[in-house]
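Report on one structure; see the data block that follows.
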Amino acid sequence: MKIVNGASVLAKIAVPLVTLGILTIGLILYARIKLETVADQTRNVVEVLSVRQEAYLRLQMNISEAGLMSRNIVLETGPAEMARYRVCIRPPPREPMNRSTS
């Protein structure tokens, strides 16, 4: 208590103000770091979700296109067109391997 009693009024006022200033600067830095962390996490989530959405839409388009192609096969009667659709939908069958007996 002798230190506080012996200090001037200006020192008695300065100590709480300096403490408050240091605390304020610390809180501001902490908040800024946490906001940057949240922003990075949000950016990451948005990128991942956009890639997932893009993959989902591509899959949906491919399924729709395959459905339309299968309908076209049912409606088409020309042999050339049918052969073209068969090649698009499934690959040609493999030829069996010939084994030679020696």
key: Q53 CD to L57 CG distance, which is reported to the nearest 0.5 Å   = 4.5 Å
request  = Applying salt bridge (Lys or Arg N to Asp or Glu O under 4.0 Å), run through R32 and E36 and close with a yes or a no.
outcome  = CA-CA 6 Å; R32 185 174 186 149; E36 287 175 0; 3.6 Å; yes
task = Could you grab the distance from atom CD of E65 to atom CZ of R58, nearest 0.5 Å is fine?
result = 13.0 Å
ask   = Looking at CG of L49 and CG of N44, how far apart are the two atoms once the value is rounded to the nearest 0.5 Å?
value = 9.5 Å
key: Members besides V9 in its Ile/Leu/Val/Met/Phe/Trp/Tyr cluster (side-chain heavy atoms under 4.5 Å)   = I13, L17
request  = Take K34 and Y30, measure what side chain to side chain contact (heavy atoms under 4.5 Å, CB included) needs, and give me the verdict at the end.
outcome  = CA-CA 6 Å; K34 288 301 177 181; Y30 178 76; 3.5 Å; yes
ask   = Among L23, L27, L29, which residue meets the side chain to side chain contact (heavy atoms under 4.5 Å, CB included) test with I25?
value = L29
ask   = Other than V18, what residues sit in its cluster of Ile, Leu, Val, Met, Phe, Trp and Tyr side chains whose heavy atoms are under 4.5 Å apart, directly or through others?
value = I22
task = Give a yes or no on whether L10 atom CG has more than 12 heavy-atom contacts from other residues, nucleotides or ligands under 6.0 Å away.
result = no
